[in-house]
**Student:** 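The structure under discussion is supplied below as structure tokens; questions concerning it will follow.
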Amino acid sequence: MREDPMTPAVTIDTDAWVCPMPLRDAPNIVMGHGGGGAMSGELIEHLFLPAFGAAADTGLGDSAVVTVDGTRLAFSTDSFVVKPLVFPGGSIGELAVNGTVNDLAMAGARPLVLSTAFILEEGTALSEIAHVAEALGTAASAAGVSLVTGDTKVVDAGHGDGIFINTAGIGVLADGVDIRPERAAPGDIVVVSGEIGVHGIAVMSCREGLEFGTTVLSDTAPLAGLVAAMLETGADLHVLRDPTRGGVAATLNEIARAAGTGIALDETALPVPAAVRDACGLLGLDPMYVANEGKLVAFVPPADAERVLAAMRAHPLGAHAAVIGRCVEEHPGMVVARTALGGTRVVDLPAGEQLPRIC
């Protein structure tokens with residue numbers, strides 16, 4: 001035991017951090033820390049985990065799998081701070097449900113219940129809160145989950161952006177389901193369930209009055225039904241992830257590093273809708289790094305790939321599913337893409353995020 005109970009158990013030394021910019025030189029939080037990229041990882045690895053000490057479970061997944069009295073459960077929590085609150089195709093209400101439901105589904109779980117916690121800014125119109133709450137309730141019903149507990153707090157005017165929401169969820173896993181990033185292996189086929197980059201561009205389109213000549217709608221949707229259809233094929237799904245913050249690029253990098261395998265992509269096979277491609281060209285963005293809220297990436301053994309792909313394409317949320325690459329023994333921990341010109345490029349983990357506050 002420590003002689004002085006007031007002495008912290010852990011000293012956090014920010015000088016020892018390795019991220020070159022801007023984390024190491026910045027004494028305060030910056031937007032990039034919330035982007036789901038390298039800066040987020042540094043914050044977790046070098047501040048939160050040491051501070052939590054022995055209480056921390058270092059699995060670091062979007063959801064945790066725990067066993068309670070012989071029943072395997074998935075548990076997840078997520079916070080939503082999207083700006084603006086309402087965007088083409090959805091609102092913070094739908095995101096608050098679908099984001100947590102999807103995190104549970106990516107573990108192979110059937111979502112059951114959610115909690116809802118609202119942080120409201122003083123002065124926010126009750127009609128605006130009602131619209132968001134109704135959207136949240138409708139999304140929960142569509143996802144087949146119950147809202148079983150919650151909390152409400154109010155902060156002073158000027159200390160929030162109207163509405164922030166946290167949801168936590170619990171789901172149940174069937175016996176034999178083992179889906180996690182560490183299971184990705186050389187030979188695995190990499191499949192994406194549909195067109196990428198849609199949500200990020202939908203949110204960006206209503207910031208600063210941007211217009212792209214056509215309306216891009218968010219893809220926010222609950223993916224548990226699609227995952228159930230994939231599991232019903234009997235395939236041994238190795239990895240499932242929904243590529244939200246940081247897009248497909250960040251997700252694939254996290255999987256490659258967790259499994260210690262290389263990933264080879266075919267850039268021309270990525271399903272990028274024309275409106276997203278044009279908007280990204282205008283804004284100088286890479287669609288691979290733009291967020292999605294209704295898509296998943298699956299790593300499937302070669303023998304199972306065709307039947308999983310067929311099951312995905314038979315489901316409304318997987319109609320445009322496509323094979324985009326495979327795991328390889330070369331360049332372990334790295335993602336490399338073959339370009340349309342026949343060359344290759346490294347697809348690295350982003351430092352922060354191209355589009356902040358998109359979920």
Side-chain angles (χ1 to χ4, degrees), residues 62 74 87-112 114 134-146 167 169 171 174 177 179 189-203 205 214-235 237 239-244 247-248 251 269-277 287 290-300 304-324 358-359:
D62 288 339
F87 45 83
S91 72
I92 193 173
E94 286 95 348
L95 286 186
V97 170
N98 295 337
T100 296
V101 162
N102 291 346
D103 283 346
L104 296 172
M106 295 307 104
R110 177 170 58 89
L112 299 176
L114 297 183
E134 289 169 0
L136 192 152
T138 299
S141 296
V145 294
S146 299
T167 51
V177 174
I179 300 174
I189 305 299
V190 183
V191 181
V192 68
S193 63
E195 295 177 331
I196 65 171
V198 180
H199 173 73
I201 295 302
V203 172
S205 70
T214 185
T215 300
V216 179
L217 301 180
S218 170
D219 60 349
T220 178
L223 295 171
L226 176 60
V227 172
M230 297 166 69
L231 289 170
E232 285 173 4
T233 66
L237 303 180
V239 187
L240 295 175
R241 284 289 302 274
D242 56 332
T244 54
V248 169
T251 293
L270 289 164
V272 181
V276 169
R277 185 181 295 107
V290 178
N292 313 270
E293 288 291 342
K295 301 298 186 298
L296 64 80
V297 172
F299 284 61
V300 187
D304 295 332
E306 286 300 324
R307 53 178 167 157
V308 169
L309 196 60
M312 294 175 73
R313 289 173 173 167
H315 191 280
L317 295 179
H320 299 288
V323 174
I324 61 172
I358 43 71
C359 62

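A quick note: this is a predicted structure, and the numbers were derived from the prediction, not measured.
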**Student:** Side-chain contact test, heavy atoms from C-beta onward, threshold under 4.5 Å: evaluate it for Ile196 versus Val276 and give yes or no.
**Tutor:**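 No - every pair of side-chain heavy atoms lies 4.5 Å or more apart.
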
**Student:** So which heavy atom on Ala269 is nearest to which on Ala322, and how close?
**Tutor:**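 Reported closest heavy-atom pair: O-CB, 4.2 Å.
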
**Student:** Can you name the nearest heavy-atom pair linking Ala135 to Ser91, along with the distance?
**Tutor:**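 Smallest interatomic distance, heavy atoms only, reads CB-OG, 3.6 Å.
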
**Student:** Between OG1 of Thr233 and CD of Glu306, what distance do you get to the nearest 0.5 Å?
**Tutor:**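 One gets 12.0 Å once the value is rounded to the nearest 0.5 Å.
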
**Student:** Please examine the side chains of Pro271 and Ile324, heavy atoms only from C-beta on, and report whether any two atoms are closer than 4.5 Å.
**Tutor:**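 Yes, side chains in contact.
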
**Student:** State, with a plain yes or no, whether a side-chain heavy atom of Val101 is found less than 4.5 Å away from one of Pro222.
**Tutor:**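 SC-SC contact between Val101 and Pro222 confirmed.
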
**Student:** Of all the heavy-atom pairs spanning Leu231 and Gly108, show the shortest one and how long it is.
**Tutor:**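 Minimum heavy-atom contact is CD1-O, 3.8 Å.
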
**Student:** Could you grab the distance from atom CD of Glu94 to atom CG of Leu136, nearest 0.5 Å is fine?
**Tutor:**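 Rounded to the nearest 0.5 Å, the CD-CG separation comes out at 8.5 Å.
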
**Student:** Please report the shortest heavy-atom distance between Ile179 and Leu240, naming the atom on each side.
**Tutor:**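 That closest heavy-atom pairing would be CG2-N, 3.3 Å.
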
**Student:** Hey, could you give me the CE/NE2 distance between Met230 and His315, rounded to the nearest 0.5 Å?
**Tutor:**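 Going from the CE atom of Met230 to the NE2 atom of His315 covers 10.5 Å.
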
**Student:** Under a 4.5 Å cut-off applied to non-hydrogen side-chain atoms, are Asn292 and Asp242 in contact?
**Tutor:**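 Sidechains of Asp242 and Asn292: no contact.
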
**Student:** Let me know which of Ile358, Leu217, Val203, Ile92 forms a side chain to side chain contact (heavy atoms under 4.5 Å, CB included) with Phe87.
**Tutor:**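 Only match with Phe87 under side chain to side chain contact (heavy atoms under 4.5 Å, CB included): Val203.
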
**Student:** What's the spacing between Thr100 OG1 and Leu95 CG if we round to 0.5 Å?
**Tutor:**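 It comes to 10.0 Å.
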
**Student:** Is the number of heavy atoms from other residues, nucleotides or ligands within 6.0 Å of NE2 (His320) greater than 12?
**Tutor:**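 No, not enclosed.
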
**Student:** So which atom in Cys359 and which in Glu293 form the shortest heavy-atom distance, rounded to 0.1 Å?
**Tutor:**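 Scanning both residues completely, I find the closest heavy atoms to be CB-OE2, 3.2 Å.
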
**Student:** In Å, rounded to the nearest 0.5 Å, how long is the span from CZ of Arg277 to CD of Glu195?
**Tutor:**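 It comes to 9.5 Å.
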
**Student:** Is the shortest heavy-atom distance from the side chain of Val198 to the side chain of Pro273 under 4.5 Å?
**Tutor:**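 With C-beta onward as the side chain, the pair touches.
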
**Student:** Quick one: which of Val192, Leu226, Asn102, Val239 gives a side chain to side chain contact (heavy atoms under 4.5 Å, CB included) with Leu296?
**Tutor:**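 Running side chain to side chain contact (heavy atoms under 4.5 Å, CB included) over Val192, Leu226, Asn102, Val239 with Leu296 returns exactly one hit, Leu226.
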
**Student:** Do Val300 and Leu237 touch side chain to side chain, with heavy atoms closer than 4.5 Å?
**Tutor:**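 They are in side-chain contact.
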
**Student:** State the OG1-CG distance between Thr244 and Asp62, to the nearest 0.5 angstrom.
**Tutor:**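 Thr244 OG1 to Asp62 CG: 6.5 Å, rounded to 0.5 Å.
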
**Student:** Within the side chain of Arg110, is there an N or O that forms a donor-acceptor pair under 3.5 Å with the backbone of Ala224?
**Tutor:**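 Absent.
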
**Student:** Mind listing the closest non-hydrogen atom pair of Leu114 and Gly169 along with its distance?
**Tutor:**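 So the minimum-distance heavy-atom pair works out to CD2-CA, 3.5 Å.
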
**Student:** Counting C-beta onward and ignoring hydrogens, is there a side-chain heavy-atom pair between Met106 and Leu223 closer than 4.5 Å?
**Tutor:**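 The answer is yes; the side chains approach within 4.5 Å.
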
